[in-house]
Each structure stands twice: as structure tokens, then as C-alpha cells.
Number of protein chains: 2
Amino acid sequence: MSLRHSLLGLLAEQPRTGYELTRLFDESLLNVWPASHSQIYPELAKLAADGLIRQTASGSRGKKVYAITPEGLDEVMAWLRTEPDHSTKNPSFLRVFFLWLMEPEDAVAFLEREELEHEAKLREFEAKAELPVRDTSREWAFRLALDWGVRYEREMLEWNAWARRVIEERRTPAGSARARR
Amino acid sequence: MSLRHSLLGLLAEQPRTGYELTRLFDESLLNVWPASHSQIYPELAKLAADGLIRQTASGSRGKKVYAITPEGLDEVMAWLRTEPDHSTKNPSFLRVFFLWLMEPEDAVAFLEREELEHEAKLREFEAKAELPVRDTSREWAFRLALDWGVRYEREMLEWNAWARRVIEERRTPAGSARARR
DNA sequence: CGGGCCATGTAATTTGTTACATGATTCC
DNA sequence: GGAATCATGTAACAAATTACATGGCCCG
């Protein structure tokens with residue numbers, strides 16, 4: 001139901017087309033809830049059928065503008081009051097649990113590649129954070145999320161560097177006798 | 001394919017039953033890749049049919065012990081060398097993007113409930129980190145992951161407190177004229 | 001007039017969730 | 001004897017991914 005509710009949330013701000021919503025997902029929600037147009041268009045049709053949104057205009061190239069209805073607004077608000085599911089999947093971090101299967105140098109190489117990813121993400125978030133803040137309600141909420149992104153990536157980089165040191169130390173235990181079982 | 005490969009990864013350490021694998025998922029992989037028995041049992045059957053694992057024993061109560069085959073080991077190793085998908089879904093954090101739809105006090109209440117969750121997770125991780133480390137390869141890899149969990153939860157708590165301050169300040173802009181547009 | 005972007009959809013397949021279903025063993 | 005835990009499965013449904021499919025508009 002998350003896709004459904006995030007669409008409603010984005011439409012609560014202003015009417016938009018499926019295409020605009022698709023781009024918004026890619027720009028802002030990508031890191032918490034990725035969704036592609038092939039999922040968005042059918043869901044918009046369902047939302048309209050359920051009376052939670054309604055097509056208010058159409059333009060050239062078959063463009064369809066949707067607006068949220070009062071029922072739709074009630075629905076998002078109710079969703080926001082529900083207890084979120086805290087489970088997450090992290091395909092990249094999953095590999096860390098299996099790092100022990102690799103040779104130390106391969107494990108380090110993996111972490112180095114991950115480091116590049118996180119550095120890129122961090123730069124992306126920091127660049128966005130530099131942009132002037134329009135002090136609208138939506139903007140500050142997005143800012144809160146952006147700030148979390150920056151913190152997350154920084155922490156990930158610190159952890160990454162630390163993890164590599166741990167692996168290197170295990171490989172060549174400095175000073176002490178090899179303590180492996 | 002992540003479920004498939006994490007099963008192989010766990011079986012690379014030692015032979016196990018579907019039931020044991022289910023518990024291992026709940027104990028250690030829950031935070032990166034949740035999976036239930038209803039997904040695990042059919043996947044084990046497929047892995048066996050594909051020759052990546054093989055049933056090596058059976059016990060009372062219909063117990064089936066599976067062991068990884070050389071082909072299965074090749075498969076995990078190959079997976080570990082592939083570039084991971086960095087997309088993640090976070091149903092709880094998704095709501096932060098829509099915090100602006102709520103009244104400030106509701107947004108703060110939401111963050112306070114989240115704080116409790118993260119405090120609980122942090123305590124859980126810290127308790128696990130207290131446990132004696134057996135210096136096996138698998139153990140240290142799990143340690144690396146556990147350490148990330150602790151860092152993540154601490155950072156989340158800091159962000160959470162900061163976010164609440166931002167919301168409070170927006171509600172009652174101290175000293176300065178209300179700057180909302 | 002061609003490439004890029006705007007714009008919307010469907011279909012097939014894979015993954016994942018929830019509920020249903022059953023039964024053995026162990027411990028109190 | 002009854003509750004908890006061990007132990008394995010299937011079925012129905014929902015969600016998500018990947019590929020297929022089409023066409024208009026605008027700019028150079």
C-alpha cells in the first residue's frame with residue numbers, strides 16, 4: 001500500500017500527471033521507495049476508480065492531470081497515523097554477512113567499490129542541500145529527509161573505512177600471535 | 001535472487017535444515033533481508049532441483065538436512081562478485097517525506113514513536129555486541145554488520161532529535177519574525 | 001527530419017505476504 | 001494432557017520488475 005499512499009501524498013501538494021509523479025519518484029523518493037511508470041500508471045487508474053483521486057484535466061500528447069479528492073486526503077492522513085512497518089531489505093548490505101566467504105583482499109575490494117557508491121550518493125545529497133530552501137511545508141520535510149541521507153552516507157563511509165581496517169588487521173595480526181581459532 | 005543466494009551463503013558455513021535457516025533469517029538477516037518459512041521451503045526445493053544444494057540427512061519430525069554442493073558454492077562466490085543493487089525501500093522513512101501534511105504536534109508524535117523503535121533496536125544490537133566473540137570467520141563478518149546496526153540506530157536517534165527541534169522551531173520561531181512564506 | 005524527451009499504457013514473470021494445513025516431540 | 005516448539009509444506013493473493021508497445025511534440 002506504500003505506493004498508493006505516496007502517490008496520494010504527492011498529489012496532496014498539487015495536481016500532477018503520471019509522468020510528473022514518475023519523475024518525482026526518481027528524484028526524491030528513489031532512496032526510500034523506488035517505483036517505475038509501469039507500476040504508477042495502473043495504480044493511478046485504481047486510485048481514480050476508488051474515488052481517491054480524479055482526473056481534472058487533459059493536455060497534449062495524451063497528458064492526464066490528476067487531483068486528490070477529499071476521500072483521498074482522508075486516506076493519506078489515516079495512513080500517516082498508522083504504525084509503519086520497520087522491516088527493510090538491503091541487497092548491498094546483505095553481502096556483508098557473507099564477506100567471510102571471500103578472501104580478505106576480495107572483501108576489501110568489495111568495500112572499496114561500495115565506498116565509491118556512498119561517496120557519490122553523499123556528494124549528490126550535499127549538492128542538493130546547497131540549493132536554496134524555499135520555506136514551504138513540503139520543502140522542509142524533504143530537507144529533513146535529505147539531512148538524514150547526508151548523515152547516513154557519512155556514517156556508512158566511516159563504517160566502511162573501519163570495516164576495512166578490521167579485515168586488514170585480521171589478515172596480519174600486528175604484534176600478537178595469530179588468534180584465529 | 002537474494003533469497004536464493006543468502007540461503008546458499010548460510011549453507012556454505014554448514015549443513016542446516018529449513019527450520020534452522022528460517023530461524024537464522026529471523027535472528028541475523030532480519031534487518032537486511034527478511035524471509036519467512038513459506039518462502040524458504042519452496043526455494044530450498046528449487047535449489048535442490050538445480051543441484052546447488054542436496055539433502056544429506058533426515059531426522060525425526062520430517063526433518064531434512066541440506067548441504068551445499070560444489071556448484072552451489074561456485075554460485076554464491078559468483079554472486080558475491082556481482083555488483084549489488086543499491087536501491088532500498090524504507091516504509092517508515094517514506095512517511096518523513098509526508099510529515100508536512102501533518103500538524104506539527106502529530107509530526108512530533110510520529111517521530112517520538114519512531115524514537116522508541118530505534119532505541120529498542122539499538123539496545124538489541126548493543127546487547128548482541130556484548131556477547132563474547134568467537135573468532136571464526138563468520139562471526140567477525142556478523143560483527144561488522146552488527147557494528148553497522150549500532151551506528152545506524154545511534155545516527156537515526158540523533159537525526160530524530162534534531163528533526164523534532166526543527167519542527168518545534170518552525171512552529172514557534174524564536175526571536176525572529178515568522179519567516180514562512 | 002531526426003533525436004530526445006514527453007506521455008501513457010499492457011503483459012509476462014518473479015517475488016513476497018498472509019493464510020491455511022498438518023503433525024511430531026518435548027517439557028511441565 | 002496440554003502448551004510450546006520443532007518441522008514442513010501449499011495456496012491465494014498482492015506487489016514489483018522487465019520487457020514490450022505506441023505515439024506526440026519540440027528543438028536544432
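The sequence lines fix the lettering, A, B, ..., with proteins before strands; numbering per chain opens at 1.
The listed nucleotides are D/dG9, C/dG16, D/dA16; the one nearest the side chain of A/Leu3 is D/dA16. Nearest to the side-chain atoms of A/Ser38 among the listed nucleotides C/dA11, C/dG16, C/dC6 stands C/dA11. Side chain of B/His37, nearest nucleotide from D/dT17, D/dC25, D/dT8: D/dT8. Among the nucleotides D/dT8, D/dT18, D/dA15, the one closest to the side chain of A/Ser36 is D/dT18. The listed nucleotides are D/dC6, D/dT10, C/dG16; the one nearest the side chain of B/Gln39 is C/dG16.
In this structure, NE2 of B/His5 is placed 10 Å from P of C/dT15, rounded to the nearest angstrom. When the P atom of D/dT18 is taken as reference, atom CE of B/Met1 falls 12 Å away, rounded to whole Å. The distance between atom NZ of B/Lys46 and atom C1' of D/dG9, rounded to the nearest whole Å, is 15 Å. Spacing between atom CZ of B/Arg4 and atom C1' of C/dT14 amounts to 12 Å, rounded to whole angstrom units. Taking atom CZ of residue B/Arg23 and atom C1' of nucleotide D/dT5, one finds them 10 Å apart after rounding to whole Å. Rounded to an integer number of Å, the gap from B/Lys64 NZ to D/dC6 C1' is 15 Å. Atom P of nucleotide D/dA16 and atom CZ of A/Phe25 are separated by 10 Å, given to the nearest angstrom. Protein atom OH of A/Tyr41 is 17 Å distant from nucleotide atom P of D/dT17, rounded to whole Å.
Proximity of A/Tyr19 to the phosphate of C/dT8: no side-chain N or O atom is located under 4.0 Å from OP1 or OP2. For B/Lys63 and C/dT25, the shortest distance from a side-chain N or O to OP1 or OP2 is not below 4.0 Å. Contact annotation: B/Lys89 side-chain N/O to D/dA16 OP1/OP2 distance is under 4.0 Å.
In summary, the side chains of A/Arg113 and A/Ser92 do not present any donor paired with an acceptor at a separation below 3.5 Å, with no hydrogens or angles considered.
Using bins of under 30°, 30° to 60° and over 60° for the plane-to-plane angle, the ring pair B/Phe93/A/Trp148 lands in the tilted bin.
Between the CG atom in B/Leu52 and the NZ atom in B/Lys46 there is a gap of 12.0 Å [rounded to 0.5 Å].
Both B/Arg61 and A/Glu43 sit near DNA chain D, but only B/Arg61 has its closest nucleotide nearer the 5' end.
Of the candidates B/Glu158, B/Glu169, B/Glu115, B/Arg164 forms a salt bridge (Lys or Arg N to Asp or Glu O under 4.0 Å) with just one, namely B/Glu115.
Remark: side-chain polar atoms of B/Glu20 are paired, donor with acceptor, to backbone N or O of B/Thr17 under 3.5 angstrom.
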